[in-house]
Amino acid sequence: MIDLASPFLKALLKHSKNPIIIFKVKPILVVVEHNDAYQALIERAGGKLKFYDINIIPNLLSDAEKAVLIKTVQKVSELKAKDTLVIHPIYSNSPNVKWELEFSPVLQNDRPVEYIICSLREIPLDENDLEHILFELSESEARFRGFFEQAPLGMCVLKGPELITEYANDNILKLWDKSRKEVIGIPQAEARPELEKQQALVARVKDIFKNGQPLTINELKLSTPVSDGYFIAFYEPLKNDKNEVTRILVIIKDITEQVNFKKELLKAKDILKIAMDASEMGSWNIDLESKQVLLSERAQQIYELENDRLGIEEAKSLISVEYIGHLTSGIRRALHHRNAFNIEYQINLNGIGTKNKWLRTAGKAYYNEHGKAVYIAGAVLDITEHKQDEIRKNDFIGMVSHELKTPLTSLSAYVQLLQHKFKETDNDFTIQILDKVNVQLKRMSLMIDGFLNVSLLESGKILLNKTNFNLVDLIKTMAEENRIVLPSHFIQVIGSEEMIVNADMEKIGNVINNLIGNAAKYSKKNSLIAIKCEIKKGYVTVSVEDEGIGIRENDIPRLFDRFYRVESPDTKTIAGFGVGLYICAEVIERHKGKIWAESKFGEGSIFYFSLPTSNDQ
Ligand code: ADP
């Protein structure tokens, strides 16, 4: 019997720098003692020193090698003779090396061998070997390798044309859905039968041993049990001193996301092209560095150009003189605010006035990492026909309005004559009827004025006749006039007494009139209409507030569009054409002012407009 607790034995074990273990042979192979050097080795190899039996190294030995080890131990105990064994453990965190195990039976007279002492030596696989070099790496390099292990790349080293896996990091193992034990030291074809389907690729990889050339395979489609996607694979030959390729370093990166993104992008591009073709839309791109404009085929057709490239100045020369300012300032404004632009303009193709086309272009600028605009890209559409239709329609509206205006003016004159005549009689009934006829005639006249204004605005024929005047006086006059026509509402003017502006008095008067008219139209009888005047930072602001039906939030941005009317049961019965606010907005814009609305549905609305004070003109 040996005394395992003997201080002498313990000192001896501790003394040895080589890893040593003592096995008990029966009933099962159990490690009964080991020294610190052994513990350190196991930990370094990434194993766990947990159970004191053969399973002590389960994650470091393959089943086959475990069997060999058990056999050797049995042989040593039976023959009572020393034996050595070289095995190939699989380190989880460093390259593989060999272990040379030396077994010595502990002999006790004739008794069967009960204990075996095993000393262990770690030997690099091959002195010229990559593994050896890796094994010899200094600590810092090992740290680098650790980093590589954790990098989002799959990496392995394949040895010889048989492609024996010598090294594989966690990532590639995950990709292969294999454990280290299942691949290390085993040819790829054997370890990964799924490669059968990729013979062409395997052949190309094997060729590297002959041609010594690195190989890159992009968008390699792999379907493994764990992943189904695209990869980029680099195969790098590793050569020995004689310049022969002995191994291949394989690095694989998952690029599924990029490839899918690219596919989506191509699809989107395709759809865009179909849409652009269907709508006959062209595209263009201005390189702000080289000052070159690049046109798509359709854009070339629109501009009737033979080349798809032209200088900015040349492009500008195609634009009708009266629209250059409009176009360039629109683009400049968009660049400044970093938003998109959408502009209508006219081009003149054969010199002055011979061939004009109307175009609509929309686009935006793209910036570099320093925030500098590098190019502007957009789409262009030929809207000549549509524009001509619109012009014809406007001319028609203008003509009809004008023609209606003449009989209406005569009608008003006759009614006034009758009113005058009947005022001297006591025929109250007729006087009342004539008053009503007059109010309706005024309404009709206002509507026709509206249409006339739209057509004038559209054809650009509205001119401003600016003078300096006190806006508050104008507001008071308008309020007074409306109090007569709208006795149903209380109209109040609050705020500053004097606000001098430089503007077209008649047109601003129409705007105020319109806002008061709407306030009355869209509110109940006997409610209040408050007009406020304020001066702020070089602007005068006028607001017209009512206690009416209010406007829903999503309708507000469209109120100032031409022919826009809110559709609701409340507004259904109220007559109108949706041009009043459009004209107001156009007039205010032409004065470089602003117009906007705030509202609470069901509670009332406030319409504002602001104009620059006369000092700022
Ligand atoms: P119209 O009154 O002739 O329809 P406008 O251009 O003057 O045309 O107004 C456009 C729409 O805006 C109106 O149809 C109405 O729905 C809404 N609107 C204008 N003013 C008011 C207001 N004060 N209160 C509620 N809704 C209003």
Side-chain angles (χ1 to χ4, degrees), residues 393-394 397 400-401 404-405 408 439-458 462 475 478-479 481-483 485-486 488-494 507-533 541-591 593-610:
K393 193 176 73 196
N394 277 330
I397 293 176
V400 171
S401 313
L404 283 176
K405 198 97 209 208
L408 202 66
V439 168
Q440 295 306 323
L441 278 174
K442 270 211 173 111
R443 273 190 63 193
M444 203 160 161
S445 176
L446 275 175
M447 276 182 209
I448 291 175
D449 278 347
F451 286 125
L452 211 55
N453 280 334
V454 171
S455 97
L456 289 176
L457 270 173
E458 300 284 296
I462 267 202
I475 292 169
M478 291 295 147
E481 274 181 19
N482 275 290
R483 276 185 198 117
V485 229
L486 301 166
S488 52
H489 288 76
F490 301 106
I491 303 176
Q492 206 182 24
V493 180
I494 327 162
K507 294 197 177 65
I508 297 294
N510 286 343
V511 170
I512 300 166
N513 227 348
N514 225 308
L515 296 182
I516 299 175
N518 275 350
K521 208 157 91 172
Y522 297 102
S523 62
K524 283 209 182 89
K525 274 186 183 170
N526 296 327
S527 61
L528 180 73
I529 299 172
I531 311 170
K532 283 187 202 151
C533 326
T541 304
V542 176
S543 63
V544 178
E545 183 171 356
D546 63 55
E547 301 171 331
I549 58 170
I551 305 156
R552 283 201 167 81
E553 214 180 307
N554 50 346
D555 284 315
I556 291 182
R558 304 189 53 196
L559 292 179
F560 302 95
D561 289 355
R562 194 173 47 155
F563 303 130
Y564 186 77
R565 302 204 72 217
V566 174
E567 272 180 34
S568 76
D570 292 332
T571 55
K572 225 178 194 170
T573 50
I574 306 173
F577 293 101
V579 293
L581 289 180
Y582 166 70
I583 295 169
C584 291
E586 287 288 328
V587 168
I588 297 297
E589 198 172 290
R590 273 158 218 239
H591 280 87
K594 273 193 218 149
I595 187 160
W596 69 101
E598 288 169 6
S599 185
K600 268 206 175 130
F601 186 66
E603 288 182 24
S605 315
I606 314 176
F607 280 79
Y608 298 86
F609 71 85
S610 67

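Heads up: numbering here begins at 1 and tracks the sequence. We count ligands from 1, going down the list as the structure has it; atoms in each ligand are counted the same way.
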Peer 1: Do F451 and L404 pass the side-chain contact (heavy atoms from CB on, under 4.5 Å) test, and can you show the C-alpha distance, the side-chain angles, and the key distance before you say yes or no?
Peer 2: CA-CA 11 Å; F451 286 125; L404 283 176; over 6 Å; no
Peer 1: With atom 17 (C) of ligand 1 as the reference point, say which of I529, L559, N514 has the nearest heavy atom.
Peer 2: L559
Peer 1: For atom 26 (N) of ligand 1, what is the nearest protein heavy atom, given as residue, atom name and distance?
Peer 2: I551 CG1, 3.4 Å
Peer 1: Suppose the criterion is salt bridge (charged side-chain N to carboxylate O under 4.0 Å, His left out): which pairs have a residue in residues 520-530, not counting sequence neighbours?
Peer 2: none
Peer 1: How does V566 reach ligand 1, if at all, at less than 4.0 Å between non-hydrogen atoms: by side chain, backbone, both, or neither?
Peer 2: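 Under 4.0 Å from ligand 1, V566 contributes backbone and side-chain atoms.
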Peer 1: Could you identify the single nearest non-hydrogen protein atom to atom 4 (O) of ligand 1 and state the distance to 0.1 Å?
Peer 2: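 I find the closest protein heavy atom is R565 NE, 2.4 Å.
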Peer 1: Measure across I531 and A479 and return the closest heavy-atom pair with its distance rounded to 0.1 Å.
Peer 2: CD1-CB, 4.3 Å
Peer 1: What protein heavy atom is closest to atom 10 (C) of ligand 1, reported as residue, atom name and distance in Å?
Peer 2: Y564 O, 3.3 Å
Peer 1: Give me the residue, atom name and distance of the protein heavy atom closest to atom 5 (P) of ligand 1.
Peer 2: L581 N, 3.6 Å
Peer 1: Which is it for F560 and ligand 1 at heavy atoms under 4.0 Å: side chain, backbone, both or neither?
Peer 2: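 Within the 4.0 Å criterion, F560 makes no contact with ligand 1.
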Peer 1: With nothing but distance in play, are any N or O atoms of F607 less than 3.5 Å from an N or O of ligand 1?
Peer 2: no
Peer 1: Are any of the N/O atoms on F577, whether in the backbone or the side chain, positioned under 3.5 angstrom from an N/O atom of ligand 1?
Peer 2: yes
Peer 1: Which atoms of ligand 1 sit under 4.0 Å from any heavy atom of K521?
Peer 2: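 Numbered from 1, ligand 1 contributes 1 (P), 2 (O), 3 (O).
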Peer 1: About how many Å separate NE2 of H591 and NZ of K507, when rounded to the nearest 0.5 Å?
Peer 2: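 One finds 7.5 Å between NZ of K507 and NE2 of H591.
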Peer 1: Considering residues, nucleotides and ligands other than K594, do more than 12 of their heavy atoms fall under 6.0 Å from its NZ?
Peer 2: no
Peer 1: For atom 23 (N) of ligand 1, state which one of I516, L515, D546 supplies the nearest heavy atom.
Peer 2: D546
Peer 1: Working to the nearest 0.5 angstrom, can you tell me the gap between I516 CD1 and H489 NE2?
Peer 2: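 The distance works out to 12.0 Å.
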Peer 1: Which pair of non-hydrogen atoms, one from N526 and one from F490, has the smallest distance, and what is that distance?
Peer 2: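 The answer is O-CE1, 3.3 Å.
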Peer 1: N518 versus ligand 1: do any nitrogen or oxygen atoms come within less than 3.5 Å of each other?
Peer 2: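 N518 vs ligand 1: N/O contact under 3.5 Å present.
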Peer 1: Heavy-atom contacts with V579 under 4.0 Å: which atoms of ligand 1 show up? List them by number with element.
Peer 2: 6 (O), 8 (O)
Peer 1: Going by the order shown, which atoms of ligand 1 are within less than 4.0 Å of some heavy atom of S605?
Peer 2: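 Reading through ligand 1 atom by atom, the close ones are 24 (N), 25 (C).
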Peer 1: What are the two closest non-hydrogen atoms of A575 and R443, and how far apart are they?
Peer 2: CB-NH2, 3.7 Å
Peer 1: For M447, is the CE atom crowded, meaning more than 12 foreign heavy atoms sit under 6.0 Å from it?
Peer 2: yes
Peer 1: Backbone, side chain, both or neither: what part of I574 comes under 4.0 angstrom of ligand 1, heavy atoms only?
Peer 2: neither
Peer 1: Polar contacts were defined as any N/O atom of the residue lying under 3.5 Å from an N/O atom of the ligand; does this apply to G578 and ligand 1?
Peer 2: yes
Peer 1: With rounding to the nearest 0.5 Å, note down the distance linking CD in Q492 to CZ in R483.
Peer 2: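 Answer for the CD-CZ pair, Q492 versus R483, is 8.5 Å.
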Peer 1: Does any N or O atom in Y522 lie less than 3.5 angstrom from one in ligand 1, N or O only?
Peer 2: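 Yes, there is a polar N/O contact under 3.5 Å.
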Peer 1: Distance-only criterion, 3.5 Å: show the donor-acceptor pairs between side-chain atoms of residues 548-562 and protein atoms not counting sequence neighbours.
Peer 2:
unit_1, atom_1, unit_2, atom_2, d
D555, OD1, Y564, OH, 2.6
R562, NH1, E458, OE1, 3.0

